Amino acid sequence: MALMYQPELETLARAKLEALQLERLRAVLERAYQRVPFYRTRFDEAGVKPSDLRSLADLARFPFTRKQDLRDHYPLGLLAVDKREVARIHGSSGTKGKPTLVAYTKGDLDRWSEIVARSIVTAGGRPGDVFHVIYGYGLFTGGLGFHYGAERLGMTVVPVSGGQTARQVTLMEDLRPRGIAGTPSYCLTIAEHMRAEGKDPRAIGIAYGIFGAEPWTEEMRHRLEEAFGLKAMDVYGLSEVIGPGVGIECIEAQEGLHIAEDHFLVEVIDPETLQPVPPGSYGELVFTTLTKEAMPVVRYRTGDVAALIPEPCRCGRTHVRMTRIKGRIDDMLIVRGVNVFPSEIEAVLLATEGLAPHYQIVVEREGGLDRLTVLVELDVTWARQGGDPAGAGVEQALCTRVASRLRDVLGLSLDVRAVPGGSLPRSEGKAVRVVDRRHVYA
Ligand code: DLL
């Protein structure tokens with residue numbers, strides 16, 4: 001069996017796990033009802049009381065919470081503790097609208113470190129490893145979340161944060177980390193920077209990478225693993241629920257993220273009907289925190305689309321797995337009536353030899369019709385090695401081929417255009433993939 005940080009909790013039999021969840025859920029609902037006026041009003045409006053909860057299924061009678069509710073109670077209107085008990089504040093990255101703030105008690109921070117320490121071990125990390133953290137430090141939960149989890153585990157943490165790519169490379173070459181944690185897009189930016197200097201990222205000797213905070217694909221995993229010679233694991237989380245550590249892939253299977261079910265109760269719903277989807281089907285993830293003190297959330301609608309994987313995992317952990325996030329509901333493009341997730345486009349692009357792992361999706365409106373263009377860059381190494389000996393001719397052929405593959409996959413006609421190497425924006429944190437110009441002309 002796999003090496004585990006808390007084997008007794010990670011392999012808990014389902015019945016025992018559900019009993020633990022029920023006990024914690026009761027306490028959380030009671031706490032929310034007694035201490036947070038927002039939840040009291042919502043529960044009263046829905047005609048439910050915490051004491052109505054007899055089984056986990058009864059949670060379905062309780063109302064959902066949305067990001068807008070946090071915004072409406074900005075900055076800290078959903079606190080369940082006295083302000084003086086708040087030990088730290090974090091915020092969502094705010095790539096969309098105003099940031100939402102979240103609060104932690106000392107106890108919350110302690111539990112979060114433990115959850116992240118456990119996640120790092122799940123992904124192959126060990127005490128004593130040099131661990132390079134390129135998630136941003138600050139209000140964003142990525143940097144500090146991984147930092148304290150790694151310290152709790154007894155690792156040697158290098159708190160580089162994002163940006164200053166040249167310095168990142170120097171530190172990696174000199175300190176030789178065994179593990180790295182960061183957004184997959186920024187990690188590829190680092191690899192590109194190294195190659196441009198004639199260096200091989202594999203020479204650093206990184207064994208495992210813990211990547212998340214943005215949607216990515218299996219094809220991106222292959223690119224990262226090939227570039228650095230590491231094993232890439234997906235980590236999921238959101239500040240409203242806690243931060244990184246809500247779910248993590250195990251290094252044994254690298255197939256689906258184990259949800260820390262002793263701390264977070266997961267549901268998957270149809271975002272239109274708000275009803276649960278059948279087991280194994282895609283829908284919107286909804287989480288209820290089971291152990292948060294400062295700011296518990298009840299049935300928080302994440303906007304993230306994924307499916308649960310009901311089959312047991314070969315690593316021996318019993319906590320349910322979820323698939324990678326397909327995308328966010330609000331990132332889903334509707335182009336001429338067809339639903340498109342950027343990750344579906346990424347999967348085709350990154351599976352194509354000759355294309356660099358940088359792209360941008362542009363949607364415009366022309367004469368009342370939506371037009372989708374995918375901007376790509378050629379892989380410099382591929383071109384240099386003779387993949388594109390004739391120049392523009394081959395480039396055009398490659399774009400035509402990719403466009404036709406995308407048309408097959410998406411059922412939508414679109415253009416693929418190659419732009420000069422290095423001209424697409426490079427990520428130093430969460431990548432922005434979509435430029436939707438339709439509202440400009442609307
Ligand atoms: O991104 C927490 C985090 C930090 C997760 C580091 C993993 C690693 P927020 O800034 O609040 O928190 O953004 C949360 O990011 O609702 C998803 O849409 C997206 N997201 C997070 N992890 C993944 C992932 C952090 N592995 C929002 N795959 C979430 C796809 C992800 N999307």
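Keep in mind that what you see is a predicted model, and the values were worked out from it rather than measured. Whatever order the structure lists them in is the order used to number ligands and atoms, beginning at 1.
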If you measure from each non-hydrogen atom of [X] to ligand 1, which part falls under 4.0 Å: side chain, backbone, both or neither?
| X | value |
| --- | --- |
| Glu214 | backbone |
| Val235 | both |
| Asp304 | side chain |

Numbered atoms of ligand 1 (with element) below 4.0 Å of [X], judged on heavy atoms:
| X | answer |
| --- | --- |
| Gly212 | 7 (C), 8 (C), 26 (N) |
| Asp234 | 24 (C), 26 (N) |
| Arg328 | 16 (O), 18 (O) |

>> I'd like to know if the side chain of His132 and the backbone of Pro159 have a donor-acceptor N/O pair within less than 3.5 Å.
In response: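 Flag not set: sc His132 to bb Pro159 has no pair under 3.5 Å.
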> How about Met194 and Ile204: do any of their side-chain heavy atoms sit closer than 4.5 Å?
Replying inline: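 Counting from C-beta outward, Met194 and Ile204 do come under 4.5 Å.
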> N/O to N/O below 3.5 Å, does that happen between Trp216 and ligand 1?
Replying inline: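 Looking only at distances, the answer is no, because the N/O contact criterion of under 3.5 Å is not met.
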> Are Glu214 and Ser185 close enough that a side-chain donor and a side-chain acceptor fall under 3.5 Å?
Replying inline: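 Ser185 and Glu214 do have a side-chain donor-acceptor pair below 3.5 Å.
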> Does a donor on one side chain sit under 3.5 Å from an acceptor on the other, for Thr217 and Glu346?
Replying inline: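 The criterion, which ignores hydrogens and geometry beyond distance, is satisfied for Glu346 and Thr217.
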>> Under 6.0 Å between ring centres: does that hold for Tyr135 and Phe146?
In response: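 Yes, close enough.
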>> Are His90 and Phe140 an aromatic pair, judged by ring center distance below 6.0 Å?
In response: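 Distance test on ring centres: not under 6.0 Å, no.
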> Does ligand 1 have an atom under 4.0 Å from some heavy atom of Arg324?
Replying inline: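 No, that is not the case, since the closest heavy atom of the residue is not under 4.0 Å from the ligand.
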> Does the side chain to side chain donor-acceptor pair (under 3.5 Å) test come out yes or no for Tyr300 and Thr289, once each step is laid out?
Replying inline: CA-CA 9 Å; Tyr300 184 73; Thr289 58; over 6 Å; no
> Taking atom 12 (O) of ligand 1 as the point of reference, which of Asp331, Leu144, Leu238, Val246 owns the nearest heavy atom?
Replying inline: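 The residue whose heavy atom sits nearest atom 12 (O) of ligand 1 is Leu238.
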>> My understanding is that we take every heavy atom of each candidate and find the minimum distance to atom 20 (N) of ligand 1. Doing that for Pro99, Ser119, Ala213, Gly245, which one comes out nearest?
In response: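 Looking at heavy atoms only, the winner is Ala213.
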